[in-house]
Amino acid sequence: MADIGEDVKLLGFWASPFTRRVEMALKLKGVPYEYLEQDIVNKSPLLLQLNPVYKKVPVFIHNGKHIPESHLILEYIDQTWKQNPILPQDPYEKAMALFWAKFVDEQVGPGAFKDVIKAEKGIEVAIEEARELFTFLEKEVTGKDFFGGKTIGFLDLVAGSMIPFCIARSWEGMGIDMIPEEKFPELNRWIKNMKENEIVRECIPPREKQIEHMKKVAERIKSA
Amino acid sequence: MNQGEQVKVLGLWGSPFSKRVEMVLKLKGIPYEYIEEDVYGNKSPMLLKYNPIHKKVPVLVHNGRSIAESLVIVEYIEDTWKTSQTILPQDPYERAMARFWAKYVDEKVMVAIWKACWGPRSEREKETKEAYEGLKYLEKELGDKHFFGGETIGFVDIAADFIGYWLGIVQEASGVTIMTAEEFPNLQRWSKDFIDNNFVKEVLPPKHELAALFKAQFGSVTSD
């Protein structure tokens, strides 16, 4: 175990949900790592060298090998450090976790943040359309403590880092109650469960700082 | 061979995404029932039942349970049927790299090619440049390997099926040339070997029908 614990580094950005989810995974598995905060505006030569294709964080480094893209990193971590598994063993359950994680990052993230900021058809419509996406997730988590079942899994890390601890903070800044408890009781219960987890709490960006950050990001989107 | 029972594929005859799933099933010798979906016309109740979120093909149905998203399906097939013909490497890092390049093909290269050929006029030059650069990365990644997967067809080769077969037809139909033999000798060589593979050949849609389909659905390069 000591061998593969060596030389683990993570290049990340404090407000990036993609970075935060990797940290959650490493902490859940008790893997020590060195965190290297990146300036995502003036990108370091190291970042550009390690991720020339996308030039983005996070980038994970393990014994000299580097991997970009958070979903790929999470899977790599799960396959390399076997304690506290993140992905289900069953092929179908695993496929579902991967499918929903893609849905969260590719549909929910943009739909409930960027599209709401732009509100091309008006804010009411934008919120309604975003809520339709959350309806799918509400159904997925019904009757479970976490998307992963009894314990935090892959989809919890993806959805957790993206929704309550990232885009929700932009809703706060805009005064929008996107997923009210009456309409989304299961999702709200899940969020409570996530907040109660010590490791999750350790890995989320500070609330006030992030609300400010998301406001700035929203401004950039509006003026683009 | 219990696992071989009750496998259905809901697909579209001309879709590279749909064909990925069929290629892998054929490569692994897994029998399946194919159901053609009228995706652009009338979506069947079966499609809406099995993929209510995206309402798209391909969908794999195995023993009554459905999975959507072509690359998620391919991984599911790999995990479920342990045959001698493997698509993904065992090593976690090699696996991550295979997934990375497959994702890159899907998210960057294919999208750019499509927009370069049929996107809004104002964007075509920019998209052509992006598509060209994307293909250059793939050209370098392939190098002088027989296939992206090494000696045999693997995950990235399957993901790049559009480049191996559809791209030539798309270039002819749209009048836009991005990939030439002179600038992309590795990819050129690879595509010949790829489409020559017996299992791949079996599922590829006829060239003249694809060409007619593209011309009909997307018009010529002179129209907006």
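The chains referred to below are lettered A, B, ... by the order of the sequence lines, with proteins before strands, and numbering in each begins at 1. It should be emphasised that the depicted structure is a prediction, and the values quoted were computed from it without experimental measurement. We use all heavy atoms of the structure for the numbers below, so side chains are in, but hydrogens, waters and symmetry mates are not.
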message: Please classify the contact of B:E107 with chain A as side chain, backbone, both or neither, using a heavy-atom distance under 4.5 Å.
response: side chain
message: Counting C-beta onward and ignoring hydrogens, is there a side-chain heavy-atom pair between A:V53 and B:F100 closer than 4.5 Å?
response: yes
query: Should we count NZ of A:K139 as having more than 12 external heavy atoms under 6.0 Å?
result: no
query: How about B:N42: does its CG atom have over 12 heavy atoms from other parts shown lying under 6.0 Å from it?
result: no
field: Over all atoms of both residues, closest heavy-atom pair of B:Y137 and A:P52
entry: OH-O, 3.5 Å
field: Contact origin within A:F136 toward chain B - heavy atom pairs under 4.5 Å
entry: side chain
message: Check this for me: B:K145, atom NZ, are more than 12 non-hydrogen atoms of other residues, nucleotides or ligands nearer than 6.0 Å?
response: yes
message: Tell me whether the count of non-hydrogen atoms from other residues, nucleotides or ligands lying under 6.0 Å of CG in B:D144 goes above 12.
response: no
- line: Separation between CD (B:E69) and CD (A:E106), nearest 0.5 Å, reads 7.0 Å
query: Got a sec: does the NZ of A:K43 have more than 12 other heavy atoms crowding it under 6.0 Å?
result: yes
task: Can you measure from OH (A:Y76) to CZ (B:R95) and round to the nearest 0.5 angstrom?
output: 13.5 Å
- prompt: Charged N to carboxylate O under 4.0 angstrom, B:E75 versus A:K94?
  reply: yes
- request: Name the option with the most non-hydrogen atom pairs under 4.5 Å to chain A; the candidates are B:K103, B:E78, B:R65, B:E133.
  value: B:R65
message: Once rounded to the nearest 0.5 Å, what's the spacing between atom CG of A:L87 and atom CG of B:D79?
response: 9.5 Å
message: For a 4.5 angstrom cut-off between non-hydrogen side-chain atoms, does B:M97 reach A:I67?
response: yes
- request: Inspect the surroundings of NZ in A:K121 and state if more than 12 heavy atoms from other residues, nucleotides or ligands are less than 6.0 Å away.
  value: no
task: Name the option with the most non-hydrogen atom pairs under 4.5 Å to chain B; the candidates are A:H71, A:E132, A:K102.
output: A:K102
- line: With chain A, the option among B:L71, B:I73, B:I67, B:I77 that has the most non-hydrogen atom pairs under 4.5 Å is B:I67
field: Segment of A:Q89 engaging chain B (4.5 angstrom heavy-atom cut-off)
entry: neither
field: chain B contact via A:D78 - which portion, at a heavy-atom distance below 4.5 Å
entry: neither
query: In Å and rounded to the nearest 0.5 Å, what is the CG to OG1 distance from B:D91 to A:T80?
result: 8.0 Å
Rounded distance (nearest 0.5 Å) linking atom CD of A:Q79 with atom OH of B:Y93: 14.0 Å
- prompt: Centroid-to-centroid, B:H54 to A:F99, below 6.0 Å?
  reply: yes
